[in-house]
Protein chains: 2
Amino acid sequence: MNSMSKSEVTPLKFESIRYDDVNDRVYVIDQTQLPHQFVERELHDLDGTCEAISAMRVRGAPLIGVTAAFGVYLALRNPAMASRTTLDEAVERLAATRPTAINLQWALNKMVEELAGSGDDELGPNALAIALRLHAEDIAACARLGDYGATLLQSLWVEKCRAAQQAGEAEPGQLNVLTHCNAGSLATVDWGTALAVIYKAQEQGLPIHVWVDETRPRNQGASLTAWELARRGVKHTLIVDNAGGHLMQLGLVDCCIVGSDRTTRRGDVCNKIGTYLKALAARDNGVPFYVALPVSTIDFSLLDGMSEIPIEERASDEVTHMTGRDAEGVERTIRLTPENTPVSNFGFDVTPANLVSALITEYGVIEANEEALAELRLKLSE
Amino acid sequence: MNSMSKSEVTPLKFESIRYDDVNDRVYVIDQTQLPHQFVERELHDLDGTCEAISAMRVRGAPLIGVTAAFGVYLALRNPAMASRTTLDEAVERLAATRPTAINLQWALNKMVEELAGSGDDELGPNALAIALRLHAEDIAACARLGDYGATLLQSLWVEKCRAAQQAGEAEPGQLNVLTHCNAGSLATVDWGTALAVIYKAQEQGLPIHVWVDETRPRNQGASLTAWELARRGVKHTLIVDNAGGHLMQLGLVDCCIVGSDRTTRRGDVCNKIGTYLKALAARDNGVPFYVALPVSTIDFSLLDGMSEIPIEERASDEVTHMTGRDAEGVERTIRLTPENTPVSNFGFDVTPANLVSALITEYGVIEANEEALAELRLKLSE
């Protein structure tokens, strides 16, 4: 991660990870620099890829998966190094970068399975071909799930307008969607999961307004989701994570849509810490709570999300310190707390399936229960 | 607010507001400087008092009430200015500083009622006498409610130890209490409300550990509660506001205790934004949810907290910007978001009475319902 291109102006079109086939280079957006600076960095090798995932320069379950696939390619790219041993080591090191998002393991499994028949001299080219395919499939899957989700939002909008009419109220101005963390194009190659639904709905002409949870401790909502939505011209309002329940009580949220880092075969949803609290508030206020995810996020080997999903704990300075720009545009890191305050910093929580209104996948919208997921699994195996 | 004494070292004993009767001076701790610096500032006059409340140099419902009482005194202190007109103006201006905490109105009502019979020349001295009495009463009320609450925690601890014994598990190491915002000595004259319970329980030898919610956007948990608890030697761990639900799911929270800015006569509790989300998680996990409050926080004129309590909305830079110290100890304010991100910033939310396990008051622990509160009201009028 030593060559980079900086820009205060973002390109109109970007992918969170992209492959330059003319020069054989893999680039990612360094998301730790957003929203202040749009920086693309080249991933040179396995080390750089592991660092980029661990340090959350790339983050978001689907994007981590695709990035890991390219990491395997980068490890095998030099023909002199391409071997089973190199492959195994790359997979092991990449798998250890982050524990919770299952897409990482899913992508690595794909690589291992599909490279099983390759000779050493084919490992590099074949790894690249698989990574490029996963890259393309991620874009297509997100676009499809966005379409399915947009249909859901269309129904909500029709219902909201009808209810207002029946109550003799003015036509509603907008459909209010609350989202947590960043499940946008920056969490995938393009489109996003939760935000794909929003982008597609807006394309279809729905008057969408998004409540953006700040998402402490890393502020992915404030720094990434707000940036993405502004860039794509989606109306939005930033709120602290504490505010969502109050907004739901006031009737200002028509639905919640979040992403997922891992979903069990009964529909328990592991996602960014705090998701569970919003799901509780949604239930308490009769607000639909949707989870948008490509099927690569489903871990069919697990049933009970609470006891079976490993929850990552991260460094305490994510909580005690914060980085941003001062009035002169200089990057500063500040401490918010007394020195040496003890901290606990779980990265994710689990929302039990019974709080989830539906799962929005690239194969359609399904209920969050074991039967529906078993049916989906059958469809996937066909 | 122009004379001040700075110190990196805090005095062993302090009051959030204190009156120096030798020099006729009123001092408050400037809480916007904590945890980095302990700064006492003199309140010179009505303007300074209004500014201190509006800018949240003093905050916390009970402390705002006592501060407003001293503000009335400061307005009337100069005999040449002491009149009904001055009193009325002072009350009106102080009442407008912050809308949600009812203690402000409560204290101002006390002043007006008790000064009703005073001649102009008595207004100043009598206002001071009342302010000093409210000051002393606040300390006593908080100490008493702390004792009542500590008894509750004792019961929880006995129960926790018994349950562990019955399950054949090791003796529990600690009683885990989660709190939101700062309902500590800094929110009152001394002791606090939620934290009074904790201080008293620790004095009685209970092995207390406190989960401290960061409390965005102003971080009163991270900056004030963590500071207070460290200073008094109470074991604690700072968490982001998103984490409490997950901790409850893991069984790591034995109860929640929060303060209140206004509580209705049926027990709906208005408190710092985000309180409602913790109450929902507590109910979902069978965790008792207590609210500690002096009776001055109860607004018997209101029934329905959701529709009747005015909820303060504050400036958007509380969300988009953050102030702290850099590695060199220099105070810096940084922006976290894209420029001009739209923000909504409600300061409080309402937790409906049915989510509240009990109210801890200086008159005892009561249920959060209309009957129990009516009984308390009767007791107060006797």
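Each chain gets a letter, A, B and so on, in the order the sequences are listed, and its residues count up from 1.
- Residues B:I334 and A:D326 approach most closely at CG2-N, 4.2 Å, considering heavy atoms.
- Put simply, the side chain of A:D349 never gets that close to the backbone of B:H246: no donor and acceptor are under 3.5 Å apart.
- The part of A:L247 that comes within reach of chain B is its side chain, from C-beta onward, which places non-hydrogen atoms under 4.5 angstrom from that chain.
- In terms of modelled atom types and a separation under 3.5 Å, the side chain of A:Q249 and the main chain of B:V350 share a donor-acceptor contact.
- The candidate with the highest count of non-hydrogen atom pairs below 4.5 Å against chain A, out of B:A327, B:G244, B:S316, B:A281, is B:A281.
- Heavy-atom distances place both the backbone and the side chain of A:T237 under 4.5 Å from chain B.
- Pairing each heavy atom of A:K278 with each of B:L277, the nearest pair is CE-CD1, 3.7 Å.
- For A:H321, no part lies near chain B; criterion is any non-hydrogen pair under 4.5 Å.
- Here the NZ-CG distance, from B:K272 to A:N242, works out to 9.0 Å after rounding to the nearest 0.5 Å.
- Heavy atoms only, all atoms of each residue included: B:T337 and A:P35 are closest at C-CG, 3.5 Å.
- For B:I311, the part lying near chain A is the side chain, with the backbone staying farther off; criterion is any non-hydrogen pair under 4.5 Å.
- Only the backbone of B:T333 comes within less than 4.5 Å of a heavy atom of chain A; no side-chain atom from C-beta onward does.
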For this session: Dump the intermediate steps for side-chain contact (heavy atoms from CB on, under 4.5 Å) on A:V330 and B:R332, then the final yes or no.
Result: CA-CA 11 Å; A:V330 180; B:R332 304 272 183 200; over 6 Å; no

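- Using a 4.5 Å cut-off between heavy atoms, B:T323 touches chain A through its backbone atoms (N, CA, C, O) alone.
- Contact of B:A230 with chain A is not made at all, since no heavy-atom distance falls under 4.5 Å.
- In terms of non-hydrogen atom pairs under 4.5 Å with chain A, the most contact-rich of B:D213, B:I273, B:L229, B:T215 is B:I273.
- Each of B:P338, B:P217, B:G221 has some count of heavy-atom pairs under 4.5 Å with chain A, and the biggest count is that of B:P338.
- When only modelled atom types and interatomic distance are considered, A:D284 and B:Y276 share a side-chain donor-acceptor pair under 3.5 Å.
- For the residue pair B:V319 and A:E214, the shortest heavy atom distance occurs at O-OE2, 4.2 Å.
- Contact of B:M322 with chain A is made through backbone and side chain together, with heavy-atom distances under 4.5 Å.
- Test B:V240, B:L238, B:I239 against A:V343 for side-chain contact (heavy atoms from CB on, under 4.5 Å) and you get one pass: B:L238.
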